[in-house]
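Some notes on the structure that comes next.
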Amino acid sequence: MTVDNISDVEFGTELPAFTPDTTLAATSAFAEAVGYAGNGRFEDHEKARAQGLPGALAPGIMGMGLLSRVIHDWAPRGRIRQIDTVFRAPVLADHNHTISAIVTDIDEASGEVMLDLSIKNEKDETRVFGTATLVIPLS
Amino acid sequence: MQDIEELRVKFLDLEFDRTGFTVDAKQSAKIARAYGESRPAYTDPSDPNFEVCLPMLASLASGRRLPIDFPALGGISMDGGKSVNSLAPVRPGVKLTGRTHLHDIYAKSGRSGRMVFLVSRMQLYDSEGNHLASTDSRQVIREKPE
């Protein structure tokens with residue numbers, strides 16, 4: 001399901017749930033792309049555990065990317081004006097996660113849509129939550 | 001234990017860092033592909049509407065994390081989150097200036113003690129002084145019990 005313009009958006013709509021790729025290969029690739037790779041925190045479970053972490057994890061801003069990807073998929077003509085992500089707990093590599101988003105406010109005059117966002121693990125524990133404001137064409 | 005109100009009075013809204021950046025199109029596209037972005041405007045540098053992806057902007061780091069005279073709070077520091085406010089598309093290759101200030105300082109107390117939140121805001125301008133975006137970095141410090 002996608003939306004084309006603001007009249008397609010309904011208050012309370014849940015965006016299609018999405019299972020992001022948070023495998024070690026994906027977190028490694030993201031860390032390498034952004035320049036965070038090297039100490040193993042994002043690329044190697046054993047090296048991450050040696051640093052006191054429960055395992056390798058996804059860089060925090062990878063969560064922002066995954067959330068913005070979901071928004072872009074839902075509203076192909078929308079533009080994210082603001083996105084805020086709170087890192088509540090690590091997104092661990094090689095664990096399954098689900099991204100959810102729900103429409104919490106709509107301004108039909110300006111085309112602004114507000115969303116609540118979350119990334120949860122397989123135990124339904126929130127790892128990242130946040131909000132986004134996007135602008136969708138009026139017609 | 002530091003007085004939060006004193007810290008706010010002394011440090012909020014004072015620029016403490018100014019750093020220059022030029023974002024590379026290929027790196028931004030690589031980041032966008034790594035999180036699964038499908039829009040060519042973020043993944044294909046040859047796209048006429050190509051712009052820097054938001055996580056790339058969030059990754060830009062100021063030269064200093066805190067003002068030089070900011071007191072050590074003596075606890076465990078964690079990355080509490082990031083936000084990006086996009087005012088206009090940031091094109092790759094454009095010379096950016098990031099001006100950073102402390103936007104907010106607040107505390108929350110719980111059974112395990114007090115946590116102090118420091119929100120650093122970097123405002124990104126192009127060479128003509130146009131404000132293109134702002135990024136917030138939320139640093140959380142869990143204070144050691146006294």
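This structure is a prediction, so every number in the text was calculated from the model and none was measured. Chain letters run A, B, ... following the sequence lines, proteins first, then strands; residues in each count from 1.
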Closest non-hydrogen atom pair, A:Arg79 against B:Ala88:
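What the structure gives for the nearest pair is NH2-C, 3.7 Å.
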May I ask you to list the residues in residues 55-78 of chain B that approach chain A closer than 4.5 angstrom, counting heavy atoms only, ordered by number?
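Within residues 55-78 of chain B, the residues under 4.5 Å from chain A are B:Pro55, B:Ala58, B:Ser59.
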Interface residues of residues 14-35 of chain B facing chain A - non-hydrogen atoms under 4.5 Å apart
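Checking residues 14-35 of chain B against chain A gives B:Gln27, B:Lys30, B:Ile31, B:Ala34, B:Tyr35.
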Return the CD1 to OG distance between A:Ile61 and B:Ser137, rounded to the nearest 0.5 Å.
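Spacing of CD1 (A:Ile61) from OG (B:Ser137) equals 9.5 Å.
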Atom pair CG (A:Leu66) and CD (B:Glu37), whose distance is rounded to the nearest 0.5 Å:
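Spacing of CG (A:Leu66) from CD (B:Glu37) equals 10.5 Å.
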Is [Y] reachable from [X] through a run of hydrophobic residues whose side-chain heavy atoms are each under 4.5 Å from the next?
| X | Y | value |
| --- | --- | --- |
| B:Leu7 | B:Val119 | no |
| A:Val128 | A:Trp74 | yes |
| A:Ile136 | A:Leu138 | yes |
| A:Leu115 | A:Met1 | yes |
| B:Leu54 | A:Val135 | no |

Between A:His72, A:Met62, A:Met64, who has the most heavy-atom pairs with chain B when the cutoff is under 4.5 Å?
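Heavy-atom pair counts peak at A:His72.
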Name the option with the most non-hydrogen atom pairs under 4.5 Å to chain B; the candidates are A:Ala58, A:Ser68, A:Pro76, A:Pro59.
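Winner by heavy-atom pair count: A:Pro76.
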What residues of residues 85-108 of chain A sit under 4.5 Å from chain B when only non-hydrogen atoms are counted?
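Those residues of residues 85-108 of chain A which have a heavy atom under 4.5 Å from chain B are A:Thr85, A:Val86, A:Phe87.
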Report, by ascending residue number, the residues of residues 6-32 of chain A in heavy-atom contact with chain B at a distance under 4.5 Å; give 'none' if the set is empty.
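Near chain B, by residue number: A:Ala29, A:Phe30, A:Glu32.
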Is there a donor-acceptor contact under 3.5 Å from the side chain of A:Arg69 to the main chain of B:Ser38?
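No: the side chain of A:Arg69 does not pair with the backbone of B:Ser38.
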Can you check side-chain contact (heavy atoms from CB on, under 4.5 Å) on B:Asn85 and A:Arg81, steps first, answer last?
CA-CA 6 Å; B:Asn85 187 13; A:Arg81 177 169 289 171; 4.1 Å; yes
Choice from B:Ala133, B:Cys53, B:Pro89 maximising heavy atom contacts with chain A below 4.5 Å
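Of the options given, most contacts go to B:Pro89.
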Exceeds 12 heavy-atom contacts within 6.0 angstrom, atom CZ of B:Arg142
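Open: at most 12 neighbouring heavy atoms sit under 6.0 Å from CZ of B:Arg142.
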